[in-house]
Amino acid sequence: MATASTRLVEYLTGLSEIKIAPVLLRHAAMAVLDNVGCGLYGSRQQWGRIVTDFVLSESGQGRATLYGSAQSVPPARAAFANGTSTHGFELDDIVQGALTHPGAVVVSAALAAAEQHRASGPRLLLGVIAGYEMMARLGLALGAEHNNRGYHTTGIAGPIAAAVGAGIVSNLTTDELLAAIGIACSTASGIKAFTQGTGGMVKRMHAGHAAEAGVVACELARRGFSGPREGIDGRYGLLEVIGGSDTRPDALDHDLGKSFAITQIWVKAYPCCGLIHSTSHALESLKAEHRLSPAQVEQIRICTGKRAVAQNGDPDPREPMAAQYSLQYCAGVAIAKDARDPEAYAQEHLFDPAVRQVAARTHLEVDAAMDALFPAHFAARVVVKTTDGRTLERTVIDPKGTPADPLSFDEVAAKFARLAAPVKEPQAIERVRTAARELVSAPTLDAFSGSLREGNLRSAEAAPAMQAA
């Protein structure tokens, strides 16, 4: 008997890169460029270096690109390393309302599989479109209760979305893809212990593991390995076992084809947890408008949702991930530095006196109006009291980068250039940007893959690991 999940998979496998709207392909090409930029930046962080070194140490054979390296590797391992690097610095995109980061998982898996199976540019983009659709719909179907209990939705929905992206670019049949999804459901995992205490590096690996799991599931299914057809919404399926009382199975196939998730992506402008972006946007705009300096700030009140106050209230973060999840620290960065600069969260910059001064003067409170907008909007009202007696206030419902205030392709290309600059030569950066735009009609991935492997400032094989974070 067909279920909502099997109807969704049948629909996605029926899509064609020839017939799909060109605007969707352009959105997918932008998503590829954005996530590759995030991955290149993440590849130079210690967690990115660790997984890259691990993959290279295995000396595996394959056609897939490893970010920051000229060496190709097996697709599953490329997906693991690239997914970890892409999710490595709170820069990758979000499906608003579904509590997921699709690109780190889907782009990493689809690109690795596409390179291995010699797919065309449009076929890669079709896999990205389909993977994002699954990630968004499954995130909505899972609801929010599981996330509030401590599951990380990207790690839960990710393997299934990765299997869809990888399966479509490698031309799995519907039955094979259903088998791959059934396999992937048993690999769904990830808890949010990273938000407390030291945090560690493991959050980044949730995306890498998910991307790898999806690629492996597809390769097993191609060889005849079977899985439950209703692994998502059947008895003891993902929704029943991990989802809570607010699961929405109907979200899986509701209004199929009327709109696509790829056009509604939140492309991050700020390198921090998405729940903090409205605060960063508000303070960035107040700072620019009133030329605020740290010395002028007497107090900042951040009035936001209860989840942000509970999850993002660490007043003294000691490592990058904790800082990127701290409203107080991010407020300090927005006033004392550049809110969009990921280097402000590097370990060596975490104790900047000006940032810490502002953070210490920042207070959090739950605002009922802002809280009522969650999870569709991560809203905040920010009130700044200055040392000369002024009270400055700004409310941001949808920050820069969200579908309500999106980044253009040119803005994404500029973000890519900033993120890739520590890793690639300027000419190589431009080659990647050009090749990404041309994916919509490229008969092969040769130009794009070649641009990713060329022009590294220091090859991944020779680069030293960064200091512990």
Any donor-acceptor pair under 3.5 Å from E212 side chain to H209 backbone: no
Flag side-chain contact, heavy atom, 4.5 Å: I232 against C185: yes
Exercise: do R229 and T6 side chains pair donor with acceptor under 3.5 Å: no
Side chain S326, main chain D314, donor-acceptor under 3.5 Å: yes
Check: V105 main-chain N/O paired with S108 side-chain donor or acceptor under 3.5 Å: no
Donor-acceptor pair between T3 and E230 side chains, under 3.5 angstrom: no
Partner residues of K385 under the salt bridge (charged side-chain N to carboxylate O under 4.0 Å, His left out) criterion, sequence neighbours left out: E298
Interatomic spacing from OH in Y270 to CG in L283 - rounded to 0.5 Å: 9.5 Å
Donor-acceptor contact below 3.5 Å, side chain N82 vs main chain V107: no
Geometric class of the F194/Y325 ring pair [parallel <30°, tilted 30-60°, perpendicular >60°]: perpendicular
R204 (side chain) donor-acceptor with G88 (main chain) under 3.5 angstrom: yes
Sidechain-backbone polar pair: T13 side chain, V9 backbone, donor-acceptor under 3.5 Å: yes
Pairing residues for K415 by the salt bridge (charged side-chain N to carboxylate O under 4.0 Å, His left out) criterion, not counting sequence neighbours: D34
Listed once per pair and sorted, the ring-ring contact (aromatic ring centres under 6.0 Å, His included) pairs that draw on residues 341-370, sequence neighbours left out: Y329-Y345
Between H87 and H206, ring centroids under 6.0 Å: no
Check: G243 main-chain N/O paired with T247 side-chain donor or acceptor under 3.5 Å: no
Residue list, side-chain hydrogen bond (donor to acceptor under 3.5 Å, both in side chains) with N148, at least two apart or on another chain: none
Closest non-hydrogen atom pair between L238 and A188, with its separation: CD1-CB, 3.7 Å
T304 side chain vs A379 backbone, donor-acceptor pair below 3.5 Å: yes
Side-chain donor or acceptor of T263 paired with backbone N/O of S259 under 3.5 Å: no
Salt-bridge present (D352, K337; N to O < 4.0 Å): yes
Short side-chain donor-acceptor distance under 3.5 Å, D410 and S408: no
Check: H27 ring centroid to Y132 ring centroid under 6.0 Å: no
Residues that D371 engages under salt bridge (charged side-chain N to carboxylate O under 4.0 Å, His left out), provided they are two or more places apart: none
Q96 (side chain) donor-acceptor with P403 (main chain) under 3.5 angstrom: no
Cation-pi check, R418 onto F416 ring (under 6.0 Å, within 45° of axis): no
Residues that R235 engages under salt bridge (charged side-chain N to carboxylate O under 4.0 Å, His left out), provided they are two or more places apart: E240
Donor + acceptor pair across side chains of E343, Y41 (<3.5 Å): yes
Passing option when W266 is tested against H277, H377, H101 for ring pair (Phe, Tyr, Trp, His ring centres under 6.0 Å): H277
Any donor-acceptor N or O pair under 3.5 Å, side chains N35, T86: no
